[in-house]
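Remarks on the structure that follows.
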Amino acid sequence: MRALLDIVTVLAVLAGAVFFLAGTVGLLRFPDSLTRLHALTKADNLGLGLVVLGLLPQVDGALAALKLVAIWLLAQLAGATVSQMIARSMRRDGQRA
Amino acid sequence: MPEFLIATAGFILMMVAVGLVRILRGPANADRMMSAQLLGTGGIAALLLGAGTGASGLLDAALTLALLAAFAAVAFVNSADRQ
Amino acid sequence: MNAATLYGLCGAALVGLGLYGTIVHPQPLRKILAFNLLGGGVFLQFGVIARRGAAAGMGGDPVPQAMVITGIVVAFSATALAVALVLRLFQETGKATLGSEPPASPARDGEGAGR
Amino acid sequence: MTIALALDAGLALLVLGVALWTIGAGPTFAAVVGFVAFGLLLALVWVRLAAVDVALTEAAIGSGVTGAVLIAAAARLRPTEPQSVGERPGATMRLVAALLSVLVFAGLAGIVLFPADPAPTLGPAAAAHLPELDVGNPVTAVLLAYRSVDTLLEKVVLLLALVGVWSLAPDRFWGGAPGVLRPARPDGALALLGRVLPPIGIVVGVYILWVGAIAPGGAFQAAATLAAMWLLVMIAGLRDPPETRLRSLRLLLVAGPAVFLAVGLAGFALPDGFLSYPVGHAKPIIIAIEAVLTLSIAVILGLLVAGPPERERQR
């Protein structure tokens, strides 16, 4: 059982790391600001989400697990709002980037 | 397991650090804010991975960081807008 | 070479960098930024001393750590006051400069204002 | 062990890189973004130095709230940027500054590389009295028991800074409200965040305060979180900044330091004198002081970020 949970952790955390890699590559390689924003949100949502998912079996206690999920939800909420604000400010600047 | 989590934390940090090149290159302020945002998320992920190794208090640090990063990001977009 | 030494050297370099920036930058706001970097370097020195003083089952000596916490708060209040001073200077004179001579009309007016 | 050391080396290089960028960047806006990234990375360094309390403070105050002050100022001072280009000091001056900086760096590096052996520590002394205080977090014990005079004076410094900021307002605005940071659209995403995030943030702030007695956390960190939430509500345009002449506001500002001072003076009734706590009751007193302090610090931090009054007082 323990080994199985460890495998879940390794797989999910690695998948999360891949999304951070993808987000960075996108941020560097995509041609304009809006597509870069698109890449960033993948790392924000899925990268952190998968890391949280992978860590759930590792923390002890329901409270710590709950805190993990709460942190992810918080990052989601903030990320969604900030991305929307960044996109709007770009539109106001007339897509100068 | 702790070595794996620490190594992954290092990898994620390295990734978001490479993303910081956008602070240098811009060109728009929006791009700079994006890389700071990515760094914030990466920092939270690294703290969580550290907490997974059993270090105490890191979850609370990540919680605070998530709140304050959101606040800082809002303040930034707001100021960038006003210019 | 252990972690504490590594971060100690990092802090020393930060102090150097911050000092250079504080002296060389013409804009007051950038001086404030550089000064905060300098402060961060000094705090790191405290952190290194605390880490080396790890004892009695604690990861570090709590006394320097508590001093750094106090220091961060005081650095913030000083920064806020300095920024308010610069903004007031700007309100009064339309300029934010520490030069004693009133500078002649800017040579490249508005050119650098686009992003 | 080597993985951890590699991580440390990478982190140290990153911190230096971001610091270099903050010094060398062209536009001030870019430099401030670099500074916030610097604060974030520094918080991680504090974790690596086994100082989670400091990491929390750095993340909350060092990068979050300081970043907000600096970025608002950078936006306002933007028109002055081009004219300062001509004021760069000459090559000789820069060379002297660089030499001086290198000298200071070398001196500090020498101290780091050849430390005193054995390393001086107050750790055992701090740990010895923890059971008496019944406080599990040694840093909180230092801040509110062993070195509580420092903490009291630091509160006074915060108040003085706020008085200093207020006194920079023109006379006609004295007692008025600080400027709104920016009127936001009432239906935008920001207004939504301004409604949803603060309740969560207040719960987190209270939790950080409470947990500070036994684990990393405490009054400053909690106060910075609360202040950020208050500022978020103001930025989102949901609430105006308060008029600075309000008596209730001013009472709130001094309540924390006043309670702290009163408890300190009450210590004269005990054998140990100023700022000593009665044996066996230290923990509830410390938590009570911290609770009031948190409120006061939160209001002070929020008002420091909001800046001097910019509107005439309303009758």
Side-chain angles (χ1 to χ4, degrees), chain C residues 3 5-10 12-17 19-21 23-24 26-27 29-30 33-34 37 40 47-48 50-53 55-56 58-63 65-66 68-70 72-74 76-77 79-81 83-85 87-88 90 95-97 99 103 106-108 111-113, chain D residues 8-9 12 15-16 19 22-23 28 31 35 42 45 48-51 53-54 57-58 61-62 66 69 73-74 76-77 80-84 87-89 94 97-98 101 104-105 108-109 112 119-124 126-127 138-139 142-143 150 154 157-158 161 164-165 168 220 304 307-308:
Chain C
T5 312
L6 202 65
Y7 288 124
L9 290 177
C10 176
L14 281 177
V15 172
L17 267 177
L19 186 62
Y20 178 76
I23 298 173
V24 165
Q27 292 161 256
L29 196 60
R30 299 297 291 275
L33 264 175
L37 290 185
V48 169
R51 183 79 181 104
R52 283 187 174 143
M58 293 182 284
D61 186 350
V63 177
Q65 291 183 1
V68 171
I69 292 180
T70 308
I72 290 175
V73 178
V74 171
F76 166 74
S77 45
T79 304
L81 184 58
V83 165
L85 277 167
L87 284 177
R88 181 78 177 131
F90 173 59
K95 295 187 286 276
T97 169
R108 302 178 301 141
E111 187 195 294
Chain D
D8 288 327
V15 167
L16 285 179
T22 306
I23 299 282
T28 306
F35 180 75
L42 213 53
V45 170
R48 296 296 303 158
L49 285 171
D53 290 272
V54 185
T57 317
E58 180 66 45
I61 296 182
T66 310
V69 170
R76 284 191 184 192
L77 294 175
T80 68
E81 274 184 52
Q83 76 189 25
S84 69
E87 295 177 18
R88 284 200 61 138
R94 270 180 287 162
S101 305
V104 170
F105 164 72
L108 279 174
V112 170
T121 177
L122 292 166
V139 177
V142 173
L143 281 173
D150 294 356
E154 174 224 37
V157 169
L158 271 175
V165 168
L168 289 170
F220 307 113
L304 276 175

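Bear in mind that the values here come from a model prediction, so they are computed numbers and not experimental data. Every heavy atom of this structure was used, including side-chain atoms; hydrogens, water molecules and symmetry mates were not. Chain letters run A, B, ... following the sequence lines, proteins first and then strands; every chain starts at 1.
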Spacing of [X] atom [atom1] and [Y] atom [atom2] [to the nearest 0.5 Å]:
X       : Y       : atom1 : atom2 : answer
L168(D) : L87(C)  : CG    : CG    : 9.5 Å
L16(D)  : L9(C)   : CG    : CG    : 9.5 Å
F220(D) : T70(C)  : CZ    : OG1   : 5.0 Å
I61(D)  : T79(C)  : CD1   : OG1   : 11.0 Å
R76(D)  : L29(C)  : CZ    : CG    : 12.0 Å
L81(C)  : L304(D) : CG    : CG    : 8.5 Å

Which portion of [X] sits near chain D, non-hydrogen atoms under 4.5 angstrom:
X      : result
R30(C) : side chain
A50(C) : neither
V15(C) : side chain

Checklist outcome for this item: Of the listed V68(C), V73(C), I23(C), the one with the largest count of heavy-atom pairs under 4.5 Å with chain D is V73(C)
Next on the checklist: So which residue, G40(C), G47(C), A34(C), ends up with the most heavy-atom pairs under 4.5 Å with chain D?
Outcome noted: G47(C)
Next on the checklist: Has S77(C) got a side-chain atom pairing as donor or acceptor with A161(D)'s backbone, closer than 3.5 angstrom?
Outcome noted: no
Next on the checklist: So, using side-chain hydrogen bond (donor to acceptor under 3.5 Å, both in side chains) as the criterion, who are the partners of D8(D) when residues are at least two apart?
Outcome noted: Y7(C), R48(D)
Checklist entry - Residues in side-chain hydrogen bond (donor to acceptor under 3.5 Å, both in side chains) with T22(D), at least two apart? => result none
Item to check | Which atoms of V139(D) approach chain C - backbone, side chain, both or neither, heavy atom under 4.5 Å | outcome: both
Checklist entry - Where does L42(D) contact chain C at under 4.5 Å (heavy atoms): side chain, backbone, both or neither? => result side chain
Checklist entry - How far apart are the C-alpha atoms of L143(D) and Q65(C), what are their side-chain angles, what is the distance that settles it, and do they pass the side chain to side chain contact (heavy atoms under 4.5 Å, CB included) test? => result CA-CA 10 Å; L143(D) 281 173; Q65(C) 291 183 1; over 6 Å; no
Item to check | Non-hydrogen atoms of V48(C) and L49(D) that approach each other most closely | outcome: N-CD1, 4.4 Å
Next on the checklist: Looking at every non-hydrogen atom in both residues, tell me the closest pair between L37(C) and A19(D) and how far apart they are.
Outcome noted: CD1-O, 3.7 Å
